[in-house]
Number of protein chains: 2
Amino acid sequence: MKTAAALVIGNELLSGKIADANLVVLARTLREAGVELRRAVFVLDDVDVIAEEVRALAGAHDVLFTSGGVGPTHDDVTIEGVARAFGAPVVTSPILADLLRGHYGDRLLEGHLFMARVPEGARLVSGETVVWPVVVMQNVWILPGVPEIFLAKQPLIRAELAGESPFISFAVLTTLDEGQLKPMLDRVVEDHRDVAIGSYPRWSGAEYRTRLTFDGLLEDRVRAARDAFASSLPAGTLVGVE
Amino acid sequence: MKTAAALVIGNELLSGKIADANLVVLARTLREAGVELRRAVFVLDDVDVIAEEVRALAGAHDVLFTSGGVGPTHDDVTIEGVARAFGAPVVTSPILADLLRGHYGDRLLEGHLFMARVPEGARLVSGETVVWPVVVMQNVWILPGVPEIFLAKQPLIRAELAGESPFISFAVLTTLDEGQLKPMLDRVVEDHRDVAIGSYPRWSGAEYRTRLTFDGLLEDRVRAARDAFASSLPAGTLVGVE
C-alpha cells in the first residue's frame, strides 16, 4: 500500500483568515486511489520551515502533496522551499514561460514570469482537461492553494496513482452510545486486526447515536467485521448498515 | 509573543470521511488572543505517533492544543498518547468520575468511565458556562473533536490566554493581479519587515482581483504599511481599504 502526506502552506490558514478546503479534497482523491494519507502538516509562509518539512515528509512517505504558496509575490515561497529540500536551484521553466506568454500576450510583466519558476529537475504533469501543468519535483506534487484550482488538479493525481487497490468502507448506525457499545466493539476490534474500525458519536439528531466505520483493503474481512458487530448489538438498537 | 501549535487527531479526517472544522475555530481564538499559531499537524489514531508529536510540539511551543480522540472506544488514544509523551501513567480522575456518575445515574456503565481517564498530574479547567472540564497536561490542552463541543470550549482558552496584545489586521483590495502589483508590493514588504503582508488572488467575482493583508502587533506600523501600499497603486486600481 502506498503512503502519502500533505503539506498545507499559508499564513492565512493558521491566522484563521480563511478555513482550509483542500485537505479533505486531497484525502478523498487518495482514498479512492487506495493510497493511505498518513499525515498533514500546516505551516506558515517560511521557506526554511517548508524546506525542512518537505525533506522530512517526502522522505517518510511515497508521495507528498503541497498546497499553496505558488504565486508570484513575496509570500509565495513553496517552489524555493521544495528546491532547497532537494538541494536544487530554482530555474525558469521555458515551457511555463511560453504558457504565460501565450496567456498574457502584450500584457505580460516581469512579475507574471515568477509563476514560471520551478526547482531544477522538476517535471511538468498535465492532462487533456487540465491546461496549466502541475510541477512535480521527485515525489513532491506542488499544488496551488486556491480551492477551485486545487480541485481542478485532482484528475491528474488520480491518473498518476491509478492501479492501486481502493479501500473498502462499510458502516453501522446504532442508537447505543459509545459507553454502551464499547464491550461489543472491543471484541470485534480484537478479532479483526486487519480492519480499521472507527467510532463516531453524533452530537445532534435523533435517528442514531453512534456511527461505526469499517475500512480495509480486503472486502471479505471488512464485511465480516461489520456483520460481526451488527449482529452483536441488542435487539432494537441497530438503525442501519451501509 | 506566545506561540501555539495544534495536533488534530483522527482517521476520519485523513481518510476524507469528514472535513475538519476545528482548526479555523482555534486559529481565530488564538489570533484574537494575540497568540501565534505556528503549526498544525493532522495524524491518525496511533498512540505512538501521537505521543511523539505531542512531545515535539509541546516542547517547541508555549502551548499545544489537541483535537479529537477523547471518547471511550478503542480508537480514542489521545489521553494515552499525551500521558506517554510526558512519561506519566493514565489514571481515573475522581472529579470526572463523579461528573459521569451524576450525568448517567443508574445507567452508568464501565464503558462510560473510560471518559474519566487523565494523564496523572493533569489539571481540569472549567468555567461558568462550560460544564464538562477540559483536561490540561502541563502546556497541552486536550480538546474533544466533535465540532460543537470544540467550539463550546473556546471561552476557556480565551480566559486562560487573556492579557496578550491582540493582532492588528488591515487589508487593501485592488483590481490589479499579483504579477502587476508585485513591484509596488515588494517595496512595501522591504520597508516594513515587522509587518506580515499577505497577497491573495480572488478566483471568482469581479469586484477586485487581489486582497492584500497587513498584520502585526503595532497598529501604527501595520497602518503605515497598508497606507504605503494603497498610495503606491495606479489611479483607478484601488477598490477599498479595510
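Keep in mind the model is a prediction, meaning the values are calculated, not measured. Chain identifiers are assigned alphabetically (A, B, ...) following the order of the sequence lines, protein sequences preceding nucleic acid strands; residue numbering begins at 1 within each chain.
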Handout entry: Where A/Ser169 and B/Lys17 come nearest, the two heavy atoms and their spacing
Key = OG-CE, 3.7 Å

Completion exercise
Checked B/Leu185, B/Leu23, B/Ile149 vs chain A; the most non-hydrogen pairs under 4.5 Å come from B/Ile149

Problem - Partners passing side-chain hydrogen bond (donor to acceptor under 3.5 Å, both in side chains) against A/Tyr200 (at least two apart in sequence or in another chain) - result: B/Glu12

Fill in the blank from the handout: Honestly, the part of B/Phe167 sitting under 4.5 Å from a heavy atom of chain A is neither

Practice task
Side chain from CB out, backbone as N, CA, C, O: work out which of these in A/Val146 comes under 4.5 Å of a heavy atom of chain B, or both, or neither.
Solution key: side chain

Practice task
Identify which part of A/Leu14 has an atom lying under 4.5 Å from any heavy atom of chain B, answering side chain, backbone, both or neither.
Solution key: both

Practice task
Measure A/Glu36 against the heavy atoms of chain B and call it side chain, backbone, both or neither at under 4.5 Å.
Solution key: side chain

Fill in the blank from the handout: Residues at least two apart in sequence or cross-chain that pass side-chain hydrogen bond (donor to acceptor under 3.5 Å, both in side chains) with A/Arg107, listed by chain then number, are none

Handout entry: Distance-minimising heavy-atom pair for B/Leu109 and A/Gly179
Key = CD1-O, 4.2 Å

Completion exercise
From the list A/Gln180, A/Arg202, A/Glu32, the residue making the most non-hydrogen contacts under 4.5 Å with chain B is A/Gln180

Practice task
Answer yes or no: does atom CD of A/Glu110 have more than 12 heavy-atom neighbours from other residues, nucleotides or ligands under 6.0 Å?
Solution key: no

Exercise for the section: Give a yes or no on whether the backbone of B/Pro72 and the side-chain of A/Lys182 come within a donor-acceptor separation of less than 3.5 Å. Expected result: yes

Practice task
Using the test salt bridge (Lys or Arg N to Asp or Glu O under 4.0 Å), find all partners of B/Glu190 that sit at least two apart in sequence or belong to another chain.
Solution key: B/Arg193

Completion exercise
B/His74 and A/Ile197 have their tightest heavy-atom pair at NE2-O, 2.8 Å

Fill in the blank from the handout: Counting heavy-atom pairs under 4.5 Å with chain A, the top scorer among B/Leu108, B/Val41, B/Val8 is B/Val41

Completion exercise
For residues 45-59 of chain A against chain B, heavy atoms under 4.5 Å, the residues are A/Val49, A/Glu53

Problem - Side chain proximity check, A/Leu181 to B/Thr73, heavy atoms < 4.5 angstrom - result: yes

Handout entry: Engaged part of B/Asp177 at the chain A interface, taking heavy atoms whose separation is under 4.5 Å
Key = side chain

Exercise for the section: Measure A/Thr29 against the heavy atoms of chain B and call it side chain, backbone, both or neither at under 4.5 Å. Expected result: neither

Practice task
Measure the spacing between OG1 of B/Thr213 and CG of A/Asn11 and express it to the nearest 0.5 Å.
Solution key: 8.0 Å

Practice task
Would you mind checking which part of A/Ile18 comes under 4.5 Å of any heavy atom in chain B, side chain (CB onward), backbone (N, CA, C, O), both or neither?
Solution key: backbone

Exercise for the section: Output yes when a side-chain donor or acceptor of B/Asp75 lies under 3.5 Å from a complementary backbone atom of A/Ser199, and no otherwise. Expected result: yes

Problem - Portion of B/Leu44 that has a non-hydrogen atom of chain A nearer than 4.5 angstrom - result: both

Practice task
Without swapping roles, check the side chain of A/Arg28 against the backbone of B/Gly16 for a donor-acceptor pair under 3.5 Å.
Solution key: yes

Completion exercise
Cut-off 4.5 Å, heavy atoms of chain A, and the answer for B/Leu13 is backbone

Fill in the blank from the handout: chain A shares the most heavy-atom pairs under 4.5 Å, among B/Ala4, B/Ser15, B/Gly145, B/Gly198, with B/Ser15

Problem - Under 4.5 Å from a heavy atom of chain B, the part of A/Val189 involved - result: side chain

Handout entry: Heavy-atom side-chain proximity of B/Asp76 to A/Glu178 below 4.5 angstrom
Key = yes

Practice task
For chain B, find which of A/Asp186, A/Asp215, A/Leu30, A/Asp20 contributes the most heavy-atom pairs closer than 4.5 angstrom.
Solution key: A/Asp215

Problem - Max heavy-atom pair count under 4.5 Å with chain A, selected residue of B/Glu148, B/Arg38, B/His112 - result: B/His112

